[in-house]
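These notes concern the structure reproduced below.
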Protein chains: 2
Amino acid sequence: MFTPQVVKAPTSADVALAAGVSRATVSFVLNDKPNSRVSDDTRHRVLEAARLLGYTPNTAARSLASGEAVAGLLVASSAADHGATVARALDALLARTVDDGIDALRHADTATTGAEAGQLWAKLRPEAVLAESARCDGEATEVLRLAGVRALIVHGTTAVDYAPSLVIPQRPFGGLAVEHLAALGHEHIVYLAPATPGPAAAERLAGARETAELLGVRLDVTHAAASARTLRDWAHGLRYDAHAPTAIAASDDGLAMAAIRALADAGLRAPADLSVVGADDHPGAADFLPRLSTITFDADALAGTLLDAFARMRAGERVELLEAPPVRLVARESSAAPAR
Amino acid sequence: MFTPQVVKAPTSADVALAAGVSRATVSFVLNDKPNSRVSDDTRHRVLEAARLLGYTPNTAARSLASGEAVAGLLVASSAADHGATVARALDALLARTVDDGIDALRHADTATTGAEAGQLWAKLRPEAVLAESARCDGEATEVLRLAGVRALIVHGTTAVDYAPSLVIPQRPFGGLAVEHLAALGHEHIVYLAPATPGPAAAERLAGARETAELLGVRLDVTHAAASARTLRDWAHGLRYDAHAPTAIAASDDGLAMAAIRALADAGLRAPADLSVVGADDHPGAADFLPRLSTITFDADALAGTLLDAFARMRAGERVELLEAPPVRLVARESSAAPAR
DNA sequence: TTGAAAGCGGTACCAC
DNA sequence: GTGGTACCGCTTTCAA
């Protein structure tokens, strides 16, 4: 049974002693240095000694001595604030780093911002950092730069001027939803936003507004918690409203599902009575009843873009602006032409 | 615009020089040592110099000198393999660590296992480690112990004898689903498992089998990808089967939703024609049409248990066995008594 | 082919 | 109150 060690961990000196060689030799062997001329016999003895002692190199010491980073990539993004599509992209990124032999770490702290956050990340002396622009400001960037971070990408809905930006516009999510519904013939749409919209949700709403104005369709806005109560009242109101909208654009698929659900409780059906389109291609959206039309972009592609950009920055190339893949409509059953 | 630094990062020596004091004094001031009698003037000069230089302490160096860990908690669990409820618990754990001032990091690598994985984690010299038993075997545990890890918890469906275990039995997920359906009066249930069940899914199925046997209800098993095709054929078969089951227990909510969807396509409705119960209380399950009955446990409670256990282990207390909160049924609309 | 020794950036003990 | 200094574990010349 595991029980914490009281004596100190074996060091390379212990290995050297056990193998009857010097610490330098141990270092050579264990790191498999290209032009280290160590005899096969010595090498073997060192390896064996290391195995026997259960030796594990100390990253801190190695980093200190060699100057190499403790972590390959530090991801300091809360994901939750940027919609499910971005969250998927981050997961994909992490998954791909291991294939590339980059040891990526994800920071649990998602609250700290500004210079303080910069310090938090810089302390680890990572080679690369991915952060959200909302938390990584100019000061934080400077801290990271001074700490020797080689590559930094901040992401947000717009570009920043102090660091390479990955722009993930949220407006098109709202815009494309409205565009899609308008194209189907809907002239009165209601936009369903979260009760307390985060930055991403606010942008999506703004995008919907812009597009609605542009296309000359009427857009009402309702804020609702995903929880049923609010939505039920709201749907019920719709039921008896002669001038009710014919379509709903929801800020995300969760809201869209909840809306459809509330509609059903009020005796309204999608898409027969109202069309509904969501966002983020929630797992399950494709199997929802009705199958949910949604707006998303290719998360894997974004992961690839990021990985590529980091590779380029590491190679010394300068990166300024990265763009998320264009959002696209996944038209399924929940949106259709309005009933006449 | 961010551009990597060429000169080296400022060190505490630079700060000392700038402030006209010694490195020792800088260390005292920056760490706000309790009984360090540093004059207010000196303290101020040091702080100012640090700010001006954009100084960030080097965790590696600090860890090396003080012996303290580089990371407070290292989470090395893929989450994906343990069902959505466990994934939620991990997220909750990470969220709570920051409140407790523990700097937790999550490892991106989810593939490495055994001693090799142990090395991977131990290199960071974390204070505590949370790993899945499938990847952290006896050897890995020993490596971690030797590396000075103070607290280790491995989690899996059963306890292991080499380390403190968090047991998260998956069988009750299947068992309780069957029990619920049987209690409603269903005597012929079909269990819907993923096409390629992971360890958790396999356990859930086994649990369903056990309980079915115990209660004397018939349990058929169907493996299906969540994708529609297989399910559609399957549902269609059900449609014209005089001896068709009257209920479905799905391995997870995603599958349950897909099943209901496929059923609907085949002209069958839940719960009127078949009852359905899922698992993991998927966000959206409550708003599904019909609202999905599901099996889950309190993820926040599990996070609390873990945090508490880590605290105890850090305090030197010995922890052997931790148990996940009991699974519970969330009865909603999708499951009901069979039609006569 | 191997060993000796000088750091890397901090911490902490012990003088002054 | 403040500075000197011996480590922490490892890498990396440079000699032997």
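In what follows, every chain begins at residue 1, and chains take the letters A, B, ... in the order their sequences are listed. The figures that follow rest on heavy atoms only: side chains count, while hydrogens, waters and symmetry mates do not. Just so we're clear, the structure is a prediction, and the values are computed from it rather than from any experiment.
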Atom [atom1] of [X] and atom [atom2] of [N]: how far apart are they, to the nearest Å?
X        : N     : atom1 : atom2 : answer
A:Asp14  : D:dG9 : CG    : P     : 8 Å
A:Leu53  : D:dG9 : CG    : C1'   : 15 Å
A:Leu17  : C:dG3 : CG    : P     : 12 Å
B:Leu124 : D:dG9 : CG    : P     : 17 Å

Run the salt bridge (Lys or Arg N to Asp or Glu O under 4.0 Å) test against B:Arg23 and tell me which residues pass, sequence neighbours left out.
none
Which part of the nucleic acid, if any, lies within reach of B:Ser63 when heavy atoms closer than 4.0 Å are counted: base, sugar-phosphate only, or nothing?
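Contact class for B:Ser63: none.
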Taking only residues two or more places apart in sequence, or in another chain, which ones meet A:Glu116 in a side chain to side chain donor-acceptor pair (under 3.5 Å)?
none
Set of side chain to side chain contact (heavy atoms under 4.5 Å, CB included) partners for A:Ala301, sequence neighbours left out:
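A:Ala301 satisfies side chain to side chain contact (heavy atoms under 4.5 Å, CB included) with A:Asp298, A:Pro325 once adjacent residues are dropped.
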Once side chain to side chain contact (heavy atoms under 4.5 Å, CB included) is applied, do any residues pair with A:Thr158, and if so which ones, sequence neighbours excluded?
none
Run the side-chain donor-acceptor check on residues 128-139 of chain A: report pairs under 3.5 Å with partners two or more places apart or on a different chain.
unit_1	atom_1	unit_2	atom_2	d
A:Glu132	OE1	A:Ser78	OG	3.4
A:Glu132	OE1	A:His82	NE2	2.5
A:Glu132	OE2	A:Ser78	N	3.1
A:Glu132	OE2	A:Ser78	OG	3.1
A:Glu132	OE2	A:Arg135	NH1	3.2
A:Ser133	OG	A:His155	O	3.2
A:Arg135	NE	A:Thr112	O	2.8
A:Arg135	NH1	A:Ala76	O	3.2
A:Arg135	NH2	A:Asp109	O	3.2
A:Arg135	NH2	A:Thr112	O	3.2
A:Asp137	OD1	A:Glu139	N	3.2
A:Asp137	OD1	A:Ala140	N	2.8

Can a donor-acceptor pair be found between the side chains of B:Gln119 and A:Thr56 at a distance below 3.5 Å?
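Yes, because at least one side-chain N or O of B:Gln119 sits under 3.5 Å from a partner of the opposite role on A:Thr56.
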When every nucleotide of nucleotides 8-16 of chain C is labelled 5' to 3' by its protein contacts under 4.0 Å (heavy atoms), B for base, S for sugar-phosphate only, - for none, what sequence of letters results?
BBBBB----
Give a yes/no answer on whether the side chain of A:Ser39 brings an N or O atom under 4.0 Å of OP1 or OP2 in C:dT2.
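Yes, A:Ser39 has a side-chain N/O under 4.0 Å of OP1/OP2 on C:dT2.
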